[in-house]
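Report on one structure; see the data block that follows.
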Amino acid sequence: MNDETLMLAYCKGDAGAFESLYSRHKGAVYRYLKRQCGNEATAEELFQDVWMKIVHARERYQASAKFTTWLYRIAHNRLIDHYRKHSRLPVSYEDEYIDELEDHCPTDPAAEVNRSRQADKLLDCIGQLPEAQRESFLLKEESGLSLLEIAELTGTGRETIKSRLRYALTALRRCLQGLL
Amino acid sequence: MSTENDNLPNDEQLSSIYKETAQDMPAAHVDEAILAAARRETASRPRPAFSPFSGSWQMPAAVAAVVVISFSLVTLMENDIAPTDDLGSSAFDGTELRQPSTMMADKGIIREENPELVKALPKPAMKSQDEMSTSTRHALSTEQARRRAERDESKTKEKQKAAKIVAERRATPQAAPAQAPALTSSAVPLPSVALIRQHRLAGNLKQANQVADAFMDLYFGEKLTMADPAKVRLPAEQWVAFIFELRVLDRNRQADRLQILLDRR
């Protein structure tokens, strides 16, 4: 059963449909929020807010809209609210492009082949990306949405998202130099 | 994955490393809280998936309603201004409308045919009309019929004459301009039927039409259909002559409207 059908079933009162939907998307949404805000406790709070919003706004859901797009739009908006509330509006949404990411995790030559080490380093590098680039990268990796859908839910142009992704990948590659 | 994703900048190596990190999950207590809230919500307030007022039918329905209303209004307006003989003659000659005098006359007929029934009828307010004789009624209706016939005959003649002139003009389109007198546009005389005729006879149809427009504006205003015939300060002969000129200029619709107005006056 696809996401949209499950959501419609939940709208009709089928709590089991919501459980299926939740288990299908909870990990990706949680990681998106956690890596965007960089704090586990805050991520949990935002995560809970996002799903509660889904629960309460279910009557506004229309099957014509893709569930994933709707879900990530809510998550994105919640994140922006969080930035605003804490006067930490992502400056990087304007000043996106940085040349070098700092090497917070100096590579241990002896463990260069270790995949988990690469993964840790990648997460560290992702954390250093400007918010907008990081968001584009995370949405691409976690949500499986198309370029157009990502552009739509973040309220930006398709070319902008493409450009952010390109910058993000270049920066991450440079950051992981020596480990790849 | 849609085709749009094909255009996404991609790095397979980075993606595969990232996937190894995709183990983070929300804590169990968060899961519990969310699922409990979702269950509570469905238990307390089951809602329909679609509200009848939130569907996508609203916009098409609104558009359809606007179209239907607009069409009805336009049709009604067209009927109001349609140049029909019904509007010009029967609606105003009193034969279709049940005027008080006609109703009284009907009662006269009843009285003659069935005097018993007349006693049961309420007494009329206007005694003189009630007592109108049958011969008077006949005379009136005969007079009305004669007038209508005369008017119809005159209209037909007028239309035939105009059609004849139009046909002649179409048959010899080149000849007329050569005979045109030097009517300069710099001198702007008051629009008159005579001037229209003068231009027309000279073959200056464009100028004839312009003068006709000016004449129309001067005496009837822009909204001809809204004009009050009683307020048009134009002698009937001029009016008739103007209608004739309009017909010759092939402006039959305007001519018909003016004819209706004239009948109403």
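Each chain gets a letter, A, B and so on, in the order the sequences are listed, and its residues count up from 1. Only a predicted model underlies this, so the values are computations on that prediction, with no experimental measurement involved.
Residues B/E20 and A/L122 form no side-chain contact, since every pair of their non-hydrogen atoms from C-beta on lies 4.5 Å or further apart. You'll find the side chain of B/R39 reaches within 4.5 Å of the side chain of A/E19, heavy atoms only. Here the side chains of B/Y18 and A/K140 are not in contact, with every heavy-atom distance at 4.5 Å or above. Under the 4.5 Å side-chain criterion, counting only non-hydrogen atoms from C-beta, B/P26 is not in contact with A/W51. No side-chain heavy atom of A/V55 sits under 4.5 Å from any side-chain heavy atom of B/T42.
Put simply, CG on B/D11 and CG on A/L172 are 8.5 Å apart, with the number rounded to the nearest 0.5 Å. One distance of note links CZ of A/R58 with CD of B/E41; it measures 5.0 Å at 0.5 Å rounding. Summarising the geometry, atom CZ belonging to A/R31 is positioned 7.0 Å from atom CG belonging to B/D24; distances are rounded to the nearest 0.5 Å. Considering CG of B/L35 and OH of A/Y22, their distance stands at 6.0 Å, rounded to 0.5 Å. To the nearest 0.5 Å, atoms CG (A/D120) and CD1 (B/I17) are separated by 11.5 Å.
Summarising the geometry of A/G27 relative to B/M25, their closest heavy-atom pair is CA-SD, 3.4 Å, with the distance given to 0.1 Å. A/F47 and B/V30 make their closest contact through CD2-CG1, 3.6 Å (heavy atoms, listed as atom of the first residue, atom of the second, distance).
No more than 12 heavy atoms of other residues, nucleotides or ligands shown are found within 6.0 angstrom of NZ on A/K53.
Interface check for chain B: of the options A/L169, A/V29, A/L165, the most heavy-atom pairs under 4.5 Å are formed by A/L169. Annotation: maximal heavy-atom pairing with chain B below 4.5 Å, among A/M7, A/M52, A/E40, A/E142, occurs at A/E142.
Side-chain contact annotation: A/R173 with B/Q13, donor-acceptor N/O pair under 3.5 Å present.
A side-chain donor-acceptor contact under 3.5 Å links A/Y10 to the backbone of B/A38.
Only the side chain of A/L123 comes within contact range of chain B, judged by heavy atoms closer than 4.5 Å.
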